[in-house]
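Since the structure comes first, as C-alpha cells, the remarks are kept for the end.
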Amino acid sequence: MTESEKDPAQQVETAREAFEREFERFVGFTGDSANQIRLSLVQAEGERRVLAELRSRHTGKKSGLAACKKLIGRVQPEERASFGQLVQQTEAAMTEALDGVEERLKTHIEAARIERESVDVTMPGRRPRPGHLHPITLMRQRIEDIFVSLGYAVEDDREIETDFYNFDALNIPAGHPARDPQDTFYTTDGFALRSQTSTVQIHAMQRRGAPVRMIAPGRVFRRDTPDPTHNPMFFQVEGLCVDRGINMAHLKGTLAEFVHRLFGPGTKTRFRPSYFPFTEPSAEVDYSCFNCGGEGCRICKWSGWIELGGSGMVHPNVLRAANVNPEEFTGFAFGLGIDRTCARIYQLDDIRLLFENDVRFLEQFR
Ligand code: DAH
C-alpha cells in the first residue's frame, strides 16, 4: 500500500498523535499552571527554540499534516468536505496549542530579562579599593621635594653599570679593599648591578659639566644575605653639588637644612670623621633622634643620635674622571639610605617588610 492509498483519516490521526507525543513536554506551560513556569532565562530561551522546531516539524511544508493537505484533492468527492474539515481542525488545534505555549514563554522571558537588568538598590555596594603609594616611594618623594626646593635637579639613572662608573671613576681602583663590602651581582659580559648611587655623580658631571647640583634616588644591589637589617636590593639617594668655592660649610648647612625640613627645625646634626675613597675629607652624618630629641630612647638605641649617611668633599680624582677641572671646581657629595630612614620613621623592626609586598603591611601607609 502506498502513502496515498492509506486511509486518509488515519494519516491525519497519525500526524496528530506524533505532534501530541512531542508536545507533551510543554503541557506544564498551558492552562493555569503556566503562571508557575520555573525556568531560568537561559532555560526558557532554550524551550522557545525547541518549540519553534516542533512547530516547523509538525505544521511546516514537510510535515505529516502538509502531506494530508495534499490528499484533500484526491479523496472521493463525497468525502472531500468532511476530510478537508478534519485536516483544518487538526491544524487549528495544533497551532492554537503552539501559540499558547509560545505566548507564555515569551511573557516569561521578557519578565526574566527585565529582572536580570534591574538593579537592586538595597544590595550593599561594592566599594572600589584604590591603590596608594609604597612607603619607600612616599619617603623618596618627601626627600625629592626638599632638595628640589633647594635648587637640586633629580637624576634617574641606570641600574646596570660598568666597573668604571661603579668603582674606578669613584677612585676605587681594582684590588682596593673598598670593593669588598660593595660586592654586587655581575653579568657574564662584564656589567654589574650598581652597588651605590654614587655612580650617578659621574654620569651627571659628564652630561651636565660643572657647576651641577643634583640628587639621584634609586635602587642599589649588594651580595648580602637578607636579615632584619639587610636586603640584597635597597634604595639610596645620592647628592652632589659642584661649583666654584664650594666647601665643607656648604655641605653641613645643606644637610642641616634637610633634616630640619624632614624631621623638624629642632633637629641637630653631627659630623664624624670617616673614610670614603671618593671624598676627602669624609664624614658620617648623624641627626638628633626625631622621637626623643636626643635624650635616648628605643628608636635611637639610647644614643640620642641616628645615622643619616656618608658625605664629604668630592675627591679631585673623581672630578678628573668626569672631566671637571679640580683647580677650578670643588664640591660636596652625600649618600643616604631611603629604606633605612623609612624603617626608622615607621619603627619597623625588619627592613624586609618593605620588600615583601604583603598588603596587610602596606595598607597601613594609606
Ligand atoms: N656610596 C656610599 C655607600 O654606598 C655612600 C656615600 C658616602 C655616598 C659618602 C657619598 C659620599 O656621596 O660622599 O656606602
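We count ligands from 1, going down the list as the structure has it; atoms in each ligand are counted the same way.
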>> Just to be sure I'm reading this right: ignoring hydrogens, which of Gly312, Gly335, Ser282, Ala333 gets closest to atom 8 (C) of ligand 1? Compare them by their nearest heavy atoms.
In response: Gly335
> Which one holds for Phe278 and ligand 1: side chain close, backbone close, both close, or neither close, with close meaning a heavy atom under 4.0 Å?
Replying inline: side chain
>> Heavy-atom pairs closer than 4.0 Å: do any link ligand 1 to the side chain of Arg222, the backbone, both, or neither?
In response: side chain
> For Asp227 and Thr229, does a side-chain donor sit closer than 3.5 Å to a side-chain acceptor?
Replying inline: yes
> Would you say the side chains of Glu161 and His203 form a donor-acceptor pair under 3.5 Å?
Replying inline: yes
> What residue among Arg16, Gln11, Gln10 forms side chain to side chain donor-acceptor pair (under 3.5 Å) with Glu13?
Replying inline: Arg16
> Where does the angle between the aromatic ring planes of Phe19 and Phe23 fall among parallel (under 30°), tilted (30 to 60°) and perpendicular (over 60°)?
Replying inline: parallel
Which ligand 1 atoms are under 4.0 Å away from a heavy-atom of [X]?
X: Thr279; answer: 13 (O)
X: Phe276; answer: 7 (C), 9 (C)
X: Gln236; answer: 3 (C), 4 (O)
X: Ser198; answer: 1 (N), 8 (C)
X: Gly310; answer: 7 (C), 9 (C), 11 (C)
X: Gln182; answer: 3 (C), 4 (O), 14 (O)

> Aromatic ring centroids of Phe234 and Phe355 under 6.0 Å?
Replying inline: no
For [Y], is there an ion pair with [X] - N to carboxylate O distance below 4.0 angstrom?
X: Glu45; Y: Arg113; value: yes
X: Arg222; Y: Asp183; value: no
X: Asp339; Y: Arg140; value: no

> Can you tell me which residue and heavy atom of the protein come closest to atom 1 (N) of ligand 1, and the distance to 0.1 Å?
Replying inline: Gln196 OE1, 2.8 Å
>> Among all the protein's non-hydrogen atoms, which is closest to atom 12 (O) of ligand 1, and how far away is it?
In response: Glu238 OE2, 2.6 Å
>> I want to know if ligand 1 touches Gln201 in the polar sense, i.e. an N/O pair below 3.5 angstrom.
In response: yes
